[in-house]
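Report on the following structure.
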Amino acid sequence: MAEVPEKLNKPYDPAATEGRTYQLWEESGFFNPDNLPAQAGLSGRFTEPFTIIMPPPNANGRLHAGHGLTIALEDIMTRYHRMQGKKALWVPGADHAGFETQVVYEKKLEKEGRSRFKMDRKELYDEIMAFTLESKQHMENDVKALGASCDWSREKFTLDPSVVSEVQETFRKLYRDNLVYRGYRTVNWCTKHQTSLSDVETETVEKADKLYYLKYGPFVVATVRPETIFGDVAVAVNPNDARYKEFIGKDIEVQHPEGPLTLKVIADEAVDVEFGTGALKITPAHDHNDFRMSETHQLPRVEVIDQFGKLNDKTGKYAGMKIAEARTKVVEDLQALGLVEKIEDYTHAVPVCYKCNATIEPRVMPQWFVKMAPLAKMAADAVRAEKIKFVPDNFEKVFLYWMDNTIDWNISRQIVWGIQIPALVCLSCNTGVLDNEAIEGSECNCGGTLTRDTDTFDTWFSSGQWPLLALGYPDTKDLAYYPTDVMETGRDLIFKWIPRMVLFGLYLKGEVPFRTVYLHGMVNDKHGKKMSKSKGNVVSPIELTDKYGADALRIALVVGNTPGNDIALAEDKIKGYKHFCNKLWNVSRFVLSNAGDTTLDTPRPTLTPRDEEILAELDKTIESVTAHLENFRFHLAGEELYHYLWSTFADVIIEELKPRLAGEEGESKTSAQWITLQALAATTKMLHPFIPFITEELWSLLPHKDKSLLIIEPWPKPYSA
RNA sequence: GGGCGAUUAGCUCAGUUGGUAGAGCAGCGCUUUUACACAGCGAAGGUCGGGGGUUCGAAUCCCUCAUCGCCCACCA
């Protein structure tokens, strides 16, 4: 009788096993699809590609729980398809995460009593680079600790020289195709971080404010920002508003503490007759809507607030005051002049910086903008033509709504940490040209000087091209993996990231970047509350891995988690799945200690009718689990395996076969040994994508000659097939 | 103001095409007898948010109401 492997007599110890197993996998080279071997008796394996590009984690810290889910799901897909014989490629990456990393680093500088505004551009860049490269290593180790079977030989960093040059080349292409332009318009300005932000980098918060009704020439206007009165250039009314018809097109005189203003009365459909008094003061330099009206009606733009959120010298005695202070003072002075009719309480949504919650100030600046309409149409058309499938499918509607309602995308950031925009700009006339189409320092058509644009790209400009960049584009070596199969990421990126990848993929390569988008929900704390440092409820996936093993964490994250829905991650649940791993370990111990001379190579013996039933039940499980995995129902696949192993295999089959296994040598005993071994092997294989470490370890202990690593074992097929 | 999601056991959540409700944890009881005390087994626990409809049959499909949550939005 075969001896039970010594290892099985001790409880499974994830901490002692996982590192060694991961090393075994890496040494095998099988994470790299180029190395997947021909297998005896199996033709056609490892020829057809299956590709996932990993959303590159930010290289500015450790992984969080959401990353754990990402790794678990993508690894399940990659391992499943590899076992199914696909040439599976999962490309890892690291994101320099421009603004986000700069914010992280600024906090570090603040703690040290330093400030980026006092640092030389190069000095700051080099320091953040050193910090990022160090963080990147920690991040990569975390990804490995979770068991990710990704091809490290193909890892890409968003600041790799080849990536940088290709991102800049895309900008030049867009410029030549007239899809990017230098605009002078209001942008979302963060006064703390001293940079503009795209719309998706702002959040809106409810704010209790006051609505001031100001006597304004013959009108009364309602405003929450009386301090911008010095920048007013017009009064707008609705063309159909009978009350004001007589004033349209005329000039009026408006009083304020710094003297009278002469303003034009304009008519614009955008003015809501119902709101306030139906008359609106227009401040083009400090309000997005007003700016738009200034374009339609050719109005001047008078800036009265500077980049630090202080009133400038056009405001007379208010110059140098911060907005809040100036507002109080201006209202007092207007009241003294009898110009305030009434003040109402008013709650409205204001945009804030998504990192520091500072109120976003609309500010007129020269910046680069991507013309979105034609690109968005390509993306929307591709989705309408079902080139991309969404899981869950309701996200398709969200995507299309977004693509049908785009506004031009501001890609200039006034930060050093990122890819520099390859352009020269004229500070006199605000035009810009490509860096390779003019000489730095040369004269602009307007007589000004062309200087190097110091701005960097919005990080989503480079991330948006990631599926191609990660495959080494424009190098064609790996383009056979494009379009990729699945893009799996958090549902919060449906706006920030997914659309940009789709439109850049189509624009650069003429093909969608992925065939399926799988969106997972947010990983929240055990009460379903969002994890945040300030609440102190953040859990680290690595701490959980250290405590319960990566396997337990992975399967706990996946089972019970439906696509698109948030998950409440309780430590108890992970503990429960650690018990499950323990169960699998002990089932294996029992089966192996009773296997006798039977191995996985033993030909199928004569089975009893009951054995046939057992096999039929296993077949049903194989078919069902396979169908779930093919259709992105990972939570159901995991749950079904859980039930099969525990409630069926352990509780029923093993208990029932115990007498036969303990009985006399003979056909009945042999068939019982054969069937328990087969069921155990099939279950171990099917569980491998979910709990790769323990299953690889168990596989190494199963009696089977010419055994390879479990990661390239063929996926089980029904026995009746 | 729009859009989306949720409402199932004490808590957190599953339930793929409609066929007599499931998991983890908590609580209760039992058990170291061919695996499992880093436990196992068992019992208990739910009129599946309310109402209406379709159906032989509805947690599942349709309508409606209520409550909660998320996202988007140029009513100053």
Side-chain angles (χ1 to χ4, degrees), chain A residues 4 8-14 186 199-200 203-204 209 211-213 221-225 228 236 270-283 287-293 346 348-349 351 362 392 394-395 397-398 401-402 405 407 491-492 494-495 521-522 524-530 547-549 555-556 559-562 564-594 624 627-628 630-633 635-640 642-643 646-647 650-651 654-655 657-659 661-663 676:
Chain A
V4 181
L8 274 177
N9 289 325
K10 289 179 289 191
Y12 174 67
D13 180 6
T186 46
D199 293 85
V200 292
E203 281 174 4
T204 46
D209 255 319
L211 188 60
Y212 303 91
Y213 286 76
V221 294
T223 180
V224 288
R225 304 202 62 183
T228 62
V271 179
D272 184 349
V273 178
E274 307 286 319
F275 190 85
T277 61
L280 176 60
K281 76 184 199 67
I282 301 299
T283 323
D287 185 281
H288 295 304
N289 289 326
D290 294 4
F291 184 86
R292 257 163 246 151
M293 285 195 209
Y346 183 57
H348 62 151
N394 59 296
F395 278 99
K397 266 194 282 184
V398 184
Y401 177 81
W402 191 257
N405 295 280
I407 61 168
R491 61 135 222 265
D492 53 328
I494 182 70
F495 302 126
M522 304 294 100
N524 294 325
D525 77 2
K526 64 177 169 181
H527 301 295
K529 300 285 178 220
K530 191 175 174 177
K547 205 162 163 187
Y548 302 102
I555 194 168
V559 174
N561 179 12
T562 43
N565 283 329
D566 294 354
I567 178 180
L569 179 62
E571 205 169 317
D572 285 338
K573 185 176 177 188
I574 304 167
K575 199 172 145 194
Y577 283 97
K578 183 174 195 275
H579 291 161
F580 173 69
C581 293
N582 184 49
K583 191 77 181 177
L584 175 64
W585 187 257
N586 286 302
V587 164
S588 304
R589 180 193 300 178
F590 178 81
V591 169
L592 290 183
S593 64
N594 285 281
S624 171
H628 286 321
E630 289 291 338
N631 291 291
F632 303 96
R633 297 188 295 253
H635 60 299
L636 294 182
E639 194 179 354
E640 185 149 350
Y642 180 95
H643 283 125
W646 206 311
S647 314
D651 290 355
I654 286 185
E655 291 307 321
L657 295 182
K658 271 179 182 174
L661 291 167
T676 48

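On a predicted model such as this, the values are computed, not experimentally measured, just so you know. A note on names: the letters A, B, ... follow the listed sequences, proteins ahead of strands, and every chain is numbered from 1.
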Give one of base, sugar-phosphate or nothing for A:V587, where a contact means two heavy atoms less than 4.0 Å apart. base
Taking any strand in view, what nucleotide pairs with B:rU12 in a Watson-Crick or G-U wobble way, both distances under 3.5 Å? B:rA23
State which of B:rA14, B:rA76, B:rC25 makes the closest approach to the side chain of A:T562. B:rA14
Give one of base, sugar-phosphate or nothing for A:E655, where a contact means two heavy atoms less than 4.0 Å apart. base
Which nucleotide in B:rC4, B:rA14, B:rA35 has an atom nearest any side-chain atom of A:N394: B:rC4
Any donor-acceptor pair under 3.5 Å between the side chain of A:K658 and the base of B:rA35? yes
Figure out the CD1/C1' separation between A:I555 and B:rC25, and round it to whole Å. 17 Å
Spacing of the C1' atoms in B:rG18 and B:rC48 (rounded, Å): 14 Å
A:L280 has a side chain; which of B:rC72, B:rA14, B:rA76 sits nearest to it? B:rA76
So if I take every side-chain heavy atom of A:Y642 and compare against B:rG24, B:rG15, B:rA73, which nucleotide ends up nearest? B:rG24
Could you work out which one of B:rA35, B:rA14, B:rU16 sits closest to the side chain of A:E639? B:rA14
Output the distance between atom CG (A:D13) and atom CH2 (A:W585), rounded to the nearest 0.5 Å. 9.5 Å
Picking from B:rC72, B:rC36, B:rU34, which would you name as closest to the side chain of A:F495? B:rC72
May I ask you to evaluate whether A:H579 reaches the phosphate of B:rC25, defined as a side-chain N or O under 4.0 Å from OP1 or OP2? yes
Rounded off to whole Å, could you give me the CD-to-P distance for the A:E640 and B:rG22 pair? 14 Å
Integer-rounded Å distance: B:rC41 P and A:I654 CD1: 12 Å
Can a side chain N or O of A:Y401 be found less than 4.0 Å away from OP1 or OP2 on B:rC4? no
What I want to check is whether an N or O donor and acceptor connect the side chain of A:K573 with the base of B:rC25 at under 3.5 Å. no
Measure the distance from OH on A:Y577 to C1' on B:rU12 and round it to the nearest whole Å. 12 Å
Gap in Å between the two C1' atoms, one belonging to B:rA9 and one to B:rA66, rounded: 23 Å
Any luck finding a side-chain donor-acceptor pair between A:N586 and A:N582 under 3.5 Å? yes
How would you label the contact of A:D492 with the nucleic acid (heavy atoms, under 4.0 Å): base, sugar-phosphate, or nothing? nothing
Nearest listed nucleotide, side chain of A:L636, among B:rU16, B:rU34, B:rC36: B:rU16
Provide, to the nearest angstrom, the distance between the CD atom belonging to A:E571 and the P atom belonging to B:rU12. 18 Å
Would you mind telling me which of B:rA76, B:rU12, B:rC72 lies closest to the side-chain atoms of A:A222? B:rA76
